[in-house]
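All ligand and atom numbering here is 1-based and tracks the order in the structure.
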Amino acid sequence: MSISDHARELHQRAIIIDGHNDTLILHQSRGQSLDLTQRDENYHLDIPRALEGGLTCSFFMVGDTDHKQAMVLIDGAHRLAEEHPDQVILATCAAEIERAAAEEKFAIVAQLEGCTFADGEIATIRNAYRLGVRVVGLTHGEGGAGTTQQENSIFDFATPEEREQARHRPGLTEFGREVVSECNRLGMLVDLAHSSDAAFYDAVELSEDPIVFSHGGVFEECPHWRGLTEDQLRLLGENGGVIGMAFVPHFIDRENPSIERLVDSIEHIIDLAGPDHVGLGADFDGISVPPIPPKAEDLPLVTEALVQRGLDDETVLKILGGNFLRVIREVVG
Ligand SMILES: [Zn+2]
């Protein structure tokens, strides 16, 4: 796909925000340096290629189940900004993301993907805020001392019957409710990616702020449990939140995943909830198959596909990052 002049201009003008990647934790699990400033084709994302692809900001997963690991990854995010201030900003508010865009730097937002590491201790969540974390995923599918009442890490169920069973799994624990309230109080985004349906409904009802679903798909376009249903998407719209569309092929289309099919899901959300509630949540370095599009430097392909679909400039800018930025400004500051 070639990129039209119009799409290129729009892409350059956009503040582009990606709601989730696993790049730091993948580096850590391979025993490699957390310095992401070198080009490395073994990963979907590094900072030079993110900047090349026009990506302004990405939410970096910095922990889920293990406390020590979370401390190492949060330190890694800080060190990137401390050691490479010419390239990286650790953003803790919307203005810092805008500053990254203006200075052609890359903004990292620190994101937890599950709270099991906190072991039921809310002070841990407050400390995460003090360390710069601004997005709190309630679960990565864990049970135990987590925020949801039951193991829900069934990573590939598909049938309507299974979906129905998932909906009726118990929702938030007392600790989960405490985390949502504390996020509201402090100004952290509550992220419901990986949550069961019941936990989703519990959290949306409880939260006084818009929530995010940082990386997922549309269930009616592709029946995978990580997709939100039409009912959930309508509710997300009423809540004022945003879903980041994952570039995960099996969330997009089981048979023929493509950028076109990704845009079908985006349009589906716009039809249901309007243009203010959908963004990008690539899940780079979180999956073992090539994402669609495959790498950070390929992001202009998404803009081109959105333009080709006939979406107006304002809507394209919202999808690329404007919607996430609005929610960050509203909730985090
Ligand atoms: Zn995930």
Side-chain angles (χ1 to χ4, degrees), residues 17-30 43-45 55 57-66 69-70 73-74 76-77 108-118 128 133-144 146-148 150-158 166 169 176 179 183 188-197 199-200 203 211-219 222-228 232 236 241-252 257 262 265 278-292 294-296 324:
I17 300 177
D18 156 39
H20 183 72
N21 75 62
D22 285 322
T23 307
L24 276 176
I25 196 167
L26 185 60
H27 273 253
Q28 191 205 34
S29 71
R30 291 175 176 173
Y43 294 86
H44 302 141
L45 181 147
L55 186 58
C57 171
S58 188
F59 296 2
F60 278 65
M61 191 277 211
V62 292
D64 54 1
T65 55
D66 184 272
Q69 181 182 50
L73 294 174
I74 292 170
I108 290 176
V109 170
Q111 170 188 47
L112 295 168
E113 191 174 21
C115 295
T116 313
F117 83 102
V133 171
R134 290 294 181 270
V135 186
V136 178
L138 292 189
T139 183
H140 204 181
E142 317 88 343
T147 58
T148 53
Q150 208 169 321
E151 174 67 41
N152 58 11
S153 58
I154 300 170
F155 273 87
D156 210 20
F157 69 78
R169 285 205 178 89
V179 170
C183 285
M188 292 201 276
L189 293 177
V190 173
D191 181 0
L192 300 181
H194 290 276
S195 294
S196 65
D197 286 8
F200 175 93
I211 57 91
V212 298
F213 195 90
S214 66
H215 55 301
V218 177
F219 186 76
C222 181
H224 188 284
W225 80 281
R226 294 293 318 288
L228 290 180
Q232 289 174 310
L236 180 79
V242 178
I243 174 174
M245 300 307 297
F247 297 176
V248 178
H250 47 282
F251 297 179
I252 297 171
L262 179 72
S265 285
V278 57
L280 308 178
D283 209 355
F284 284 139
D285 294 312
I287 49 171
S288 51
V289 292
I292 294 176
K295 293 179 175 182
F324 262 125

Could you list the residues that satisfy side chain to side chain contact (heavy atoms under 4.5 Å, CB included) with Ala70, not counting sequence neighbours? Phe117

Can an N, O or S atom be found in His20 less than 2.8 Å away from the Zn ion (ligand 1)? no

Do any of the N, O or S atoms of His215 sit under 2.8 Å from the Zn ion (ligand 1)? yes

Is there a side-chain contact between Leu192 and Val212 (heavy atoms, below 4.5 Å)? no

With side chains defined as the heavy atoms from C-beta onward, is the minimum distance between Leu236 and Ile211 less than 4.5 Å? yes

Counterpart residues, side chain to side chain donor-acceptor pair (under 3.5 Å), relative to Asp18 (two or more places apart): Ser58

Give a yes/no answer: is there an N/O/S atom of Glu113 under 2.8 Å from the Zn ion (ligand 1)? yes

